[in-house]
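Side chains are part of it too, since the values below use all heavy atoms of this structure and drop only hydrogens, waters and symmetry mates.
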Amino acid sequence: MEVSIRHVRKEFDRFPALRDVSLDIRSGELIALLGPSGSGKTTLLRLIAGLERPTEGAIFFGDEDASHRSVQERNVGFVFQHYALFRYMTVADNIGFGLKVRPGASRPPKAEISRRASELLDLVQLSGLEKRYPNQLSGGQRQRVALARALAIEPKVLLLDEPFGALDAQVRRELRRWLREIHDTTGHTTVFVTHDQEEALELADRVVVMSQGRIEQVGTADEVYDTPNSPFVYGFIGDSSALPVRVEGGQVWQQDRALGLTAANVPDGPATLFFRPHEIELLDGCGGCIAGTVAASRRVAGTRRVELEVGGERHRVEVELPIEHPAASKSRVAFRPRRWKVFPDGHGESHSGIVRHQPEESPPLALTGS
């Protein structure tokens, strides 16, 4: 099922939570809505679900305008951060609940509901647990039951709101791989909300990066990470360093030092240089490069992150070095980015210094069942 969001605006008490958002979701695609709290990603999910109505614009399911259709009429499946399972029901009854409450004419026979629940338990690798209750399951198992329940109604679109947010890191990693396998097996059009960039980049066919009620960029994991189109996306996706510079004739300068970097198609004037801490080359010395004094050093897994004070105004940037690299203990380090991007000042927000993405908690979608 294709989903098309066309020029949607959503206001709450005249506050615009979404501002002219358009997005085409392909049939069978797994899309991630990624952004910080307040970016509009949960509002967009609620509009697709039918829990909210757009102030302006329309939402199409295929060729049909579904903007004013109810949740039930849209036939969407939900998976929640906090499972939303019925505690007094067995696993099998939870999975079959959406089918049991259908109107009489469309309600399958009990035997068919039981068969469907058993089939889905096999799919989510929980066979043999159909008679257990939610409090007898681990968090990861409960989330698998929640997904099976959402799939039981054979939804046109599957929606997931921070589906792994309540689980520990190791379980989240395991369930991410598992969810991708389930998606590839079932082929449902799937939209999930997350503030976890690692989750979005690993799982999604395409990532929709959102900020302040707008879509900043839509692309594959490689596209949004390697070719971010705005300062916000560069700072939000992955770790980065930002340094105030100026552009003259397509060359990048920091104060009175030419950095040996080009900035094609960037107008002359103040700008900001972005680069990833791991995408740099160290230099013994140079007439044109970035040089700074070591201000701090910390270990990150198998590497060391070194913070450097650069320039007379002591702007800080971060570079990544091998654990035993001698430069980590030197007082002065010179380097040049291997890959970089220059944005003219006024292109979105202004940045300076070290930009690390810090995941934020966001509230679960306010739903009670499939």
Legend entry - Non-neighbouring partners of R180 that pass side-chain contact (heavy atoms from CB on, under 4.5 Å), sequence neighbours left out: L30, H183, D184, L203, D205
Legend entry - side-chain contact (heavy atoms from CB on, under 4.5 Å) partners of T303, counting only residues at least two apart: V300, E320
Inset, instruction - Taking all non-hydrogen atoms of both residues into account, name the closest pair between C289 and R336 and its distance. - result: CB-NH2, 4.1 Å
Inset, instruction - Verify, without hydrogens or angle tests, whether T189 (side chain) and E2 (backbone) share a donor-acceptor contact under 3.5 angstrom. - result: no
Inset, instruction - For residues 242-252, pull every pair meeting side-chain hydrogen bond (donor to acceptor under 3.5 Å, both in side chains), keeping only residues two or more places apart or in separate chains. - result: R246-E248
Legend entry - Atom of I290, atom of P337 and distance for their closest heavy-atom approach: CD1-CD, 4.0 Å
Legend entry - E279 bridged to R276 by N-O distance under 4.0 Å: no
Inset, instruction - Locate the shortest heavy-atom distance separating L243 from H315; write the atom from each residue and the value. - result: CD1-CB, 3.9 Å
Legend entry - Heavy-atom neighbours of D63 CG exceed 12 at 6.0 Å: no
Inset, instruction - May I ask you to decide if A66's main-chain N or O and R74's side chain share a donor-acceptor pair within less than 3.5 Å? - result: yes
Inset, instruction - Check V21 against I5 and note the closest heavy-atom contact, atom names and distance. - result: O-CG2, 3.4 Å
Legend entry - Side-chain (S67) to main-chain (D65) donor-acceptor, under 3.5 angstrom: no
Going by atom type alone, with no hydrogens or angles, which donor-acceptor pairs under 3.5 Å involve a side-chain atom of residues 9-16 and a protein atom two or more places apart or on another chain?
from : atom 1 : to  : atom 2 : distance (Å)
R9   : NE     : E11 : OE2    : 2.8
R9   : NH2    : E11 : OE2    : 3.2
K10  : NZ     : R53 : O      : 2.8

Inset, instruction - Return the minimal non-hydrogen interatomic distance between E216 and S230, and the atom names on each side. - result: OE1-OG, 3.0 Å
Inset, instruction - Give the intermediate values and the outcome of side chain to side chain contact (heavy atoms under 4.5 Å, CB included) for residues L151 and I182. - result: CA-CA 10 Å; L151 294 173; I182 294 290; 4.2 Å; yes
Inset, instruction - For T194 and D196, indicate whether the former's side chain and the latter's backbone hold a donor-acceptor pair under 3.5 Å. - result: yes
Legend entry - Whether S27 side chain and M1 backbone form a donor-acceptor pair below 3.5 Å: yes
Legend entry - Geometric class of the F86/Y88 ring pair [parallel <30°, tilted 30-60°, perpendicular >60°]: tilted
Legend entry - Sequence-distant partners of T90, side-chain contact (heavy atoms from CB on, under 4.5 Å), two or more places apart: A92, D93, Y133
Inset, instruction - May I ask whether L283 and L321 are part of the same hydrophobic cluster, defined by side-chain heavy atoms of I, L, V, M, F, W, Y residues being less than 4.5 angstrom apart, directly or through others? - result: no
Legend entry - Pairwise side-chain hydrogen bond (donor to acceptor under 3.5 Å, both in side chains) hits with a residue in residues 109-118, at least two apart: E112-R115, R115-E119, R116-E119
Inset, instruction - Kindly give the heavy-atom pair with the smallest separation between A204 and V207, and that separation in Å. - result: CB-CG2, 4.2 Å
Inset, instruction - Treating Ile, Leu, Val, Met, Phe, Trp and Tyr as nodes and any side-chain heavy-atom pair under 4.5 angstrom as an edge, say whether W253 and F343 lie in one connected cluster. - result: no
